[in-house]
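Input: a single structure, listed below in structure tokens.
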Amino acid sequence: MALPALSSSGVKFRRVLAHFPQELSLAFAYGSGVFRQAGDSAGPGENNMLDFVFAVDDSVTWHMMNLTKNRSHYSFLKVLGPKQINSVQNYGAGIYYNTLVPCNGRMIKYGVISTDTLIDDLLHWKTLYVAGRLQKPVKILTQNENSKLQAALVSNLKSAVTAAFLMLPESFSEEDLYMQIAGLSYTGDFRMIVGEDRSKVQNIVEPNVPHFQKLYSNILQDCPQVVYKHHLGRLEIDKSPEGQFAQLMALPRTLQQKITSLVDPPGKNRDVEEILLQVAHDPDCGFVVQQGISRIVRPSSVVQSAKTILTAENLPEPQTLLPS
């Protein structure tokens, strides 16, 4: 299964890509400048910032080329060179953002992440920062033939469905499912308390249900644990301890570790399978999963926000004083 590719209407996005080094393993656009959100009168606002993520195999080399082409995009960190920029990139969620960049008459923001870091996040939810973006509709602009990356993109969607199942009741609507999925990467994000619109998830999902369906319909059709009762417009899942245990065992590794650290008292050192079996029998299983996700999201969101102090201040370079 491939992620939906960008249609021919994406000429404006391709024109943006033309400004950057082309050594990209994946590039996608996302956010309110791309997809309509509740409250927008017609479509994506022409005044909204366009958000991009670029995955690159060699971050140092890519930043070196981009500094040559687009030096003004960078903050004062440009004077330190591509290796130091890459070092800053590796903190937190492993992504480096250049923000408030004028391009083709629009304001854009773009993040750079290494392909290996992205794959790790997609498979294991190490930070759920970029993986969370890719659980919601995005416009894929370019993608190379990296089979490991393609498999990781699909794995991330399957993991999102599994985690959502654990936090939902036995019966729910399709929109309930997409609301739960869209909210995963905001669970524990301090920005949802200070600054972000707290109805953000609903605003993302309501106008974009068809886009969510395109992402998840094949996964739901192939999932033996869910039954879609079309005449009721409801989905039903197996909430037995056996069903929940199977779902817990299918979660990404980092989330399993966070759940076990929440449940297992220090010093007991029980194996993961034993602990997850206990959680599967717990009436509060969904809440435990939610707390585990929060423990992944909160630290990376804090560090990533702190990094903007370094990466967003576009100060002039120091000038060399010439003798009079």
Side-chain angles (χ1 to χ4, degrees), residues 3-56 59 62-63 65-78 85 89 93 95-113 118 129-130 132-143 182 185 191 195-197 199-201 203-208 210-211 214-215 304-305 307-317:
L3 293 187
L6 184 66
S7 67
S8 58
S9 63
V11 173
K12 65 179 177 182
F13 299 111
R14 297 194 186 282
R15 285 176 177 161
V16 170
L17 277 194
H19 289 268
F20 297 94
Q22 295 303 294
E23 289 73 9
L24 303 172
S25 60
L26 177 71
F28 64 89
Y30 66 95
S32 60
V34 184
F35 294 96
R36 188 167 73 88
Q37 295 193 4
D40 293 341
S41 55
E46 286 299 312
N47 294 323
N48 291 350
M49 184 183 293
L50 293 175
D51 298 308
F52 299 89
V53 168
F54 303 150
V56 301
S59 296
W62 195 90
H63 282 299
M65 292 188 293
N66 198 41
L67 281 165
T68 301
K69 294 188 70 162
N70 299 305
R71 192 172 182 84
S72 64
H73 293 184
Y74 289 82
S75 72
F76 69 94
L77 290 175
K78 58 179 165 262
I85 288 172
Q89 176 178 310
I95 186 166
Y96 184 101
Y97 273 101
N98 283 327
T99 64
L100 299 174
V101 174
C103 186
N104 291 354
R106 294 287 294 271
M107 201 65 76
I108 73 167
K109 174 179 77 176
Y110 63 94
V112 182
I113 186 170
L118 175 58
Y129 198 85
V130 180
R133 297 264 185 269
L134 286 159
Q135 290 163 358
K136 296 177 272 291
V138 302
K139 286 194 179 292
I140 302 292
L141 308 180
T142 185
Q143 184 178 347
S185 61
R191 293 173 301 172
E196 290 279 9
D197 183 352
S199 60
K200 188 179 183 75
V201 173
N203 292 344
I204 290 170
V205 173
E206 281 187 352
N208 293 298
H211 294 296
K214 192 177 289 188
L215 270 182
Q304 197 63 39
S305 294
K307 277 167 59 174
T308 60
I309 298 170
L310 294 175
T311 61
E313 291 296 328
N314 208 343
L315 301 176
E317 295 184 53

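Residues: numbered from 1 along the sequence shown. Treat the numbers as computed from the prediction; the structure is a model and nothing was measured.
- Across every non-hydrogen atom of Lys12 and Gly33, the tightest pair is NZ-O, 4.5 Å.
- Heavy atoms only, all atoms of each residue included: Ser185 and Gly132 are closest at CB-CA, 3.6 Å.
- Taking each heavy atom of His19 and Cys103 in turn, the nearest pair found is CD2-SG, 3.6 Å.
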Q | Test side-chain contact (heavy atoms from CB on, under 4.5 Å) applied to Phe35 and Ile204, step by step | A | CA-CA 8 Å; Phe35 294 96; Ile204 290 170; over 6 Å; no
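- By the side chain to side chain donor-acceptor pair (under 3.5 Å) test, Asn208 is found to be paired with no residue, residues two or more places apart in sequence or in another chain being considered.
- Here NZ of Lys78 is found 9.0 Å from CG of Asn98. Values are rounded to the nearest 0.5 Å.
- The side chain to side chain donor-acceptor pair (under 3.5 Å) test applied to Tyr96 returns no partner, not counting sequence neighbours.
- In this structure, CE on Met65 lies 9.0 Å from OG1 on Thr68, to the nearest 0.5 angstrom.
- Within the 3.5 Å criterion, the main-chain N or O of Phe20 finds a donor-acceptor partner in the side chain of Gln22.
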Q. Checking side-chain contact (heavy atoms from CB on, under 4.5 Å) for the pair His63/Val112: CA distance, chi angles, key distance, verdict?
A. CA-CA 9 Å; His63 282 299; Val112 182; 3.9 Å; yes
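- Side-chain atoms of Lys214 never come within 3.5 Å of backbone atoms of Pro210 as a donor-acceptor pair (strictly under, hydrogens ignored).
- Every residue meeting the side chain to side chain contact (heavy atoms under 4.5 Å, CB included) condition with Ser25, not counting sequence neighbours, appears here in chain and number order: Ala55, Asp57, Thr115, Asn144, Leu149.
- Val16 and Asn104 make their closest contact through N-ND2, 3.7 Å (heavy atoms, listed as atom of the first residue, atom of the second, distance).
- For the residue pair Asn70 / Tyr110, no side-chain donor-acceptor distance below 3.5 Å is found, with atom types taken as modelled.
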Q) Val34 and Phe13: side-chain contact (heavy atoms from CB on, under 4.5 Å), yes or no, with the steps? A) CA-CA 10 Å; Val34 184; Phe13 299 111; 4.0 Å; yes
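- Partners of Gln135 according to the side chain to side chain donor-acceptor pair (under 3.5 Å) rule, which considers only residues two or more places apart in sequence or in another chain, are Asn156.
- Here the straight-line distance linking atom CD1 of Ile95 with atom CZ of Arg133 works out to 7.5 Å at 0.5 Å rounding.
- For the pair Arg71 and Tyr74, the cation-pi test (distance below 6.0 Å, angle within 45°) is failed.
- Closest approach of Pro102 to Met107, counting heavy atoms only: N-SD, 3.7 Å.
- Partners of Asp51 according to the side chain to side chain contact (heavy atoms under 4.5 Å, CB included) rule, which considers only residues two or more places apart in sequence or in another chain, are Tyr30, Met49, Lys109.
- Residues satisfying the ring-ring contact (aromatic ring centres under 6.0 Å, His included) test with Phe52, not counting sequence neighbours, are none.
- Nearest approach of Pro21 to Asn66, heavy atoms of both residues: CD-OD1, 3.5 Å.
- Atom CG of Leu24 is separated from atom CG of Leu141 by 9.0 Å, given to the nearest 0.5 angstrom.
- Side-chain atoms of Leu134 and Val53, non-hydrogen and from C-beta on, never get closer than 4.5 Å to each other.
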